[in-house]
Amino acid sequence: MSSRDLWHGARIERTEALCADIRLFEIALPAGAEPWRPGAHLGVRVRCGDVTEGRHYSLLDLGRANDRYRIAVKRIDDGLGGSRYLWSLAAGDSVEISQPQNDFELGLDAPSYLLLAGGIGVTPLLSMAHALVRRNVPVAFHYAVRSREEAVFVALLRSWLGDRLHLHVSAEGSRLDVEGMIRACRQDAELYVCGPVGMLAATRTAWQAAGRSVDHLRFESFASGGRAANRPFTAALPRYGLELAVSAQQSLLSALETAGVEVLSGCRRGECGLCAVDVLDCDAPLDHRDVFLGDAEKAAGSRLCTCVSRPVGGRIVIDTDYRGQPAAPAA
Ligand code: FES
C-alpha cells in the first residue's frame with residue numbers, strides 16, 4: 001500500500017449493477033466526502049485470500065452531488081481478488097478507504113483536449129469530461145469498448161458532449177483508429193488516456209510518431225491482465241536467504257511486503273517503476289504488465305515491476321534495489 005494511504009472506516013451506501021461485470025459502489029463517511037479534483041482516485045482496502053491489500057479506484061463524477069464517493073469496479077475473475085472481494089460487499093457493509101489522491105491531474109491551461117478511454121478506463125475521464133464541458137473548453141472524447149454493453153457511461157457522456165463523443169465498439173467493427181484520432185485533433189491539444197497497457201503503448205507510439213510533444217500526453221493504466229493467466233510461482237531472494245511461495249491471487253510485491261522485505265512502491269499500477277527488481281534468473285516466461293519498462297528491457301528480462309508483472313509459474317530469482325534487512329514478517 002502507498003505510504004500516503006491513511007485508512008478511515010466508511011460504509012457502502014448503495015450498489016448498482018451497471019452491466020454484467022461492472023458494478024457501481026457509493027461509499028459514505030460519517031463526516032462526509034472530501035472535495036476532489038478531476039482524475040482523483042480513492043484507496044480501498046480489500047481482502048485477497050489471507051492478505052489485506054490496498055486498491056485504487058478512480059472517483060466518478062456522475063453529475064450528481066458529490067456528497068459521497070462513487071467508484072465503478074469491473075469484476076476480474078482471474079485477477080488477484082480485489083474486485084471479487086468488493087463484489088462480495090453490499091449496502092450497509094463496512095469498508096476502509098483512504099482520502100482522495102490524484103496522480104492523474106487534469107491540467108486546465110491547455111487550449112484543447114483529447115480524452116481517450118479503453119473499457120473501464122473511462123472512470124477517471126468522466127470527471128475530466130464534465131469539468132471541461134462546464135468550462136466550455138474544446139474537447140473530443142473517444143470511448144473504445146469491446147461490446148456496447150460495456151459502454152456503461154455512454155448515455156451520460158453523450159448528454160455532456162453530444163457529437164464530440166466518439167464511440168468505438170470492436171464487436172461491431174468500429175475499431176479505434178489511434179493514428180487517425182491523433183491526426184484529427186488540434187496541434188495544441190493535450191491527450192489524456194486511460195485503458196489497458198496495450199492501448200497506452202500504441203497511443204504513446206502513435207503520439208510520438210506524429211511529432212506530438214510527450215509533455216502533452218498524460219496516461220493512467222489499469223493492469224487488468226497480462227498475456228497469461230495468473231499462476232502460482234516461487235520467488236527466491238539469495239540476498240535474504242528467502243524462498244517465497246506466491247499464490248495466483250497475490251502480486252510479487254505483496255508477497256515481498258508480507259515477508260518483511262522492504263521494497264519501494266508507488267503507483268502499484270505498473271507506471272512509476274519504483275517497485276522494479278533485478279531478475280537474476282527465471283525458469284518461466286515473464287509476463288510484463290507495466291508501462292514503465294521499455295520494450296528492450298522487457299525483452300532482456302533483467303528487470304520486473306513487481307506490483308503488476310510476474311513469471312508464468314516456475315521459479316524466479318530476484319534482487320531488490322533496497323538493501324535493508326527484512327523486517328519482521330507482516331501478521
Ligand atoms: S509501484 Fe509503480 S510500477 Fe510498481
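Quantities reported herein were computed from a predicted structural model and do not represent experimental measurements. Read the numbers this way: they start at 1 and go in the same order the structure lists the ligands and their atoms.
Considering CG of Leu108 and OH of Tyr113, their distance stands at 5.0 Å, rounded to 0.5 Å.
With 2.8 Å as the limit, Cys267 counts as an N, O or S neighbour of atom 2 (Fe) of ligand 1. Among the backbone and side-chain atoms of Cys275, an N, O or S atom lies under 2.8 Å from atom 4 (Fe) of ligand 1.
No side-chain N or O of Ser309 forms a donor-acceptor pair with one of Arg289 less than 3.5 Å apart.
Phe104 is listed as a side-chain neighbour of Cys194, based on a closest heavy-atom distance under 4.5 Å.
With hydrogens left out, the protein atom closest to atom 3 (S) of ligand 1 is Gly273 N, 3.2 Å, a heavy atom. With respect to atom 2 (Fe) of ligand 1, the closest heavy atom belonging to the protein is Cys272 SG, 2.3 Å.
By the 30° and 60° cut-offs, the orientation of the rings of Trp160 relative to His130 is parallel.
Linking Ile, Leu, Val, Met, Phe, Trp and Tyr residues whenever their side-chain heavy atoms come within less than 4.5 Å leaves Phe219 and Phe292 in two separate clusters.
Of all the atoms in ligand 1, the ones that sit under 4.0 Å from a non-hydrogen atom of Gly270 are 3 (S). Remark: ligand 1 atoms within the under-4.0 Å shell around heavy atoms of Glu271 are 3 (S). Atom numbering of ligand 1 starts at 1 in the shown order; those under 4.0 Å from a heavy atom of Cys307 are 1 (S), 3 (S), 4 (Fe). Short contacts between ligand 1 and Arg268, defined as distances under 4.0 Å to a heavy atom of the residue, involve ligand atoms 1 (S), 2 (Fe). Atoms of ligand 1 lying under 4.0 Å from at least one heavy atom of Gly266, given by number and element, are 1 (S).
When every heavy atom of Glu53 is checked against every heavy atom of Cys48, the shortest pair comes out as OE1-SG, 4.1 Å.
Salt bridge status for Glu262 with Arg239: absent, with no side-chain N to carboxylate O gap under 4.0 Å.
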